[in-house]
Every structure is written in C-alpha cells, then in structure tokens.
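Worksheet for the structure shown next.
Side chains are part of it too, since the values below use all heavy atoms of this structure and drop only hydrogens, waters and symmetry mates. Residue numbers start at 1 and run along the sequence shown.
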Amino acid sequence: QVQLVESGGGLVQPGGSLRLSCAASGSIISIGTMGWYRQAPGKQRDLVATITRAGRTNSADSVKGRFTISRDNAKNTVYLQMNSLKPEDTAVYYCNAIVYAAGTAGHYNYWGQGTQVTVSS
C-alpha cells in the first residue's frame, strides 16, 4: 500500500508564492519519476512539472520561470515552489509518483488526493 499526501495549498494573492509538498509512504522499494498535475473546474488534468529520480525536470510552458520542482529522495518527498502566481493557476494540484512497492510486480502509478490552490485578490 502506497500513499501520497499533499500539503501547502491555500489562498494567495496574485504575484504571491506557495510551496506544495507531497510525501510518499508505505512499503516503498523505490520511486521513479514524481510530478505535479493540476485540474481547474471544467477542464482536464494537465501536467505542471515532473522530476526524475536523478533530478531531470520537465515543466509546462505556462509555468516555466515561475514554478520549480524538486525532490528529496531520502524523504520520498517532492516539492513545487510556485512564485509569481496568477489567477489562471487556480486549480486542484495533484501529486503523482511511479512507485515500486513491496508485494507488487513492478512500478505503478499513484496519485495524491489533491490540494486546492486559489489565486485571487
């Protein structure tokens, strides 16, 4: 059993900053790529940023230069530092991880429960 627990969401004014965290727990043997996705009301879930175990990152064009993804492999945790937030960044942010857990046949895709980020004055 693997759980991803997000924290750090909330209400922030345009131009402000937030830092999201996502900690993976359970019978984890290894974690591959971790990432953040977001879903605004009435829209599909979109990629925000991903990071490999080695630290290679990829991010959506809409957040380049404003959001930074990082991870702490020792803590099984991924972070998303969000600066210069805009109203269009308002969404539920979901953590994602590719995890090899004990008792399974290989790496599987896991999701967190989501955390709301609202950017509004």
Side-chain angles (χ1 to χ4, degrees):
Q1 185 78 4
V2 173
Q3 290 186 324
L4 302 181
V5 179
E6 299 117 333
S7 60
L11 172 65
V12 63
Q13 292 186 343
S17 298
L18 282 175
R19 189 191 194 210
L20 305 182
S21 299
C22 172
S25 63
S27 304
I28 296 169
I29 297 174
S30 68
I31 303 178
T33 297
M34 302 182 82
W36 291 94
Y37 292 73
R38 66 186 181 186
Q39 188 167 19
K43 296 189 176 181
Q44 66 180 19
R45 188 174 298 187
D46 291 327
L47 167 74
V48 176
T50 60
I51 183 168
T52 68
R53 184 171 182 83
R56 186 173 299 135
T57 63
N58 177 52
S59 61
D61 288 342
S62 60
V63 305
K64 278 187 168 70
R66 300 188 298 123
F67 292 9
T68 301
I69 189 170
S70 61
R71 66 189 283 174
D72 185 333
N73 290 331
K75 296 181 179 179
N76 291 336
T77 300
V78 63
Y79 306 96
L80 185 68
Q81 178 65 44
M82 304 185 293
N83 298 329
S84 302
L85 282 159
K86 304 175 181 179
E88 51 263 44
D89 295 317
T90 295
V92 178
Y93 284 70
Y94 294 92
C95 173
N96 174 268
I98 310 299
V99 180
Y100 179 27
T104 65
H107 287 81
Y108 289 88
N109 200 25
Y110 293 87
W111 292 92
Q113 80 286 355
T115 185
Q116 177 70 46
V117 171
T118 302
V119 185
S120 175
S121 55

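Cluster membership for L85 and Y37, using ILVMFWY side-chain heavy atoms within less than 4.5 angstrom, is not shared. Taken together through direct or relayed side-chain contacts under 4.5 Å among Ile, Leu, Val, Met, Phe, Trp and Tyr, L18 and L80 form part of one hydrophobic cluster. Side-chain heavy atoms closer than 4.5 Å link hydrophobic residues (I, L, V, M, F, W, Y) into clusters, and following such links, even through other members, never connects Y79 to V99. Clustering ILVMFWY residues whenever any of their side-chain heavy atoms sit less than 4.5 angstrom apart, transitively, puts V5 in a cluster other than the one holding V2. The cluster map of Ile, Leu, Val, Met, Phe, Trp and Tyr, joined by side-chain heavy atoms under 4.5 Å apart, puts F67 and M34 in the same cluster.
Judged by distance alone, with hydrogens and angles left aside, the side-chain atoms of D46 form no donor-acceptor pair with the main-chain N or O of Q39 at under 3.5 Å. Without hydrogens or angle criteria, N73 side chain to R53 main chain gives a donor-acceptor distance under 3.5 Å. Remark: the backbone N or O of T52 is paired with a side-chain donor or acceptor of R71 at under 3.5 angstrom.
Side-chain atoms of V117 and M82, non-hydrogen and from C-beta on, do get closer than 4.5 Å to each other. Contact annotation: the side chain of Q116 never approaches that of L11 to less than 4.5 Å [non-hydrogen atoms, C-beta and beyond].
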| message | Using side chain to side chain contact (heavy atoms under 4.5 Å, CB included), reason through C95 and V78 one step at a time and then give a plain yes or no. | response | CA-CA 8 Å; C95 173; V78 63; 3.8 Å; yes

| message | Working note: E6 + Y93, criterion side chain to side chain contact (heavy atoms under 4.5 Å, CB included); need CA distance, chi angles, decisive distance, verdict. | response | CA-CA 9 Å; E6 299 117 333; Y93 284 70; over 6 Å; no

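Contact record, I69 with W36: CD1-CD1, 3.8 Å, taken as the closest heavy-atom pair. Closest of all the heavy-atom pairs between P14 and S120 is CD-C, 3.6 Å. Across all their heavy atoms, L4 and Q113 have their closest contact at O-OE1, 3.4 Å. Closest heavy-atom contact between S17 and N83: OG-OD1, 2.9 Å. Between L20 and T115, the closest heavy-atom pair is CD2-CG2, 4.1 Å. Residues R38 and S62 come closest through the heavy atom pair NH2-OG, 3.5 Å.
Salt bridge status for D61 with K64: present, with a side-chain N to carboxylate O gap under 4.0 Å.
Ring geometry for H107 versus Y100: interplanar angle of 30 to 60°, hence tilted.
Atom CD of Q1 has 12 or fewer heavy atoms from other residues, nucleotides or ligands within 6.0 Å.
Interatomic distance, OG1 of T104 versus CD1 of I29, reported as 6.5 Å (0.5 Å rounding). Atom CD of residue Q81 and atom OG of residue S21 lie 9.5 Å apart, to the nearest 0.5 angstrom. For the atom pair N58 CG and T50 OG1, the distance stands at 4.5 Å (nearest 0.5 Å).
Remark: Q13 engages no residue in a side chain to side chain donor-acceptor pair (under 3.5 Å) (not counting sequence neighbours).
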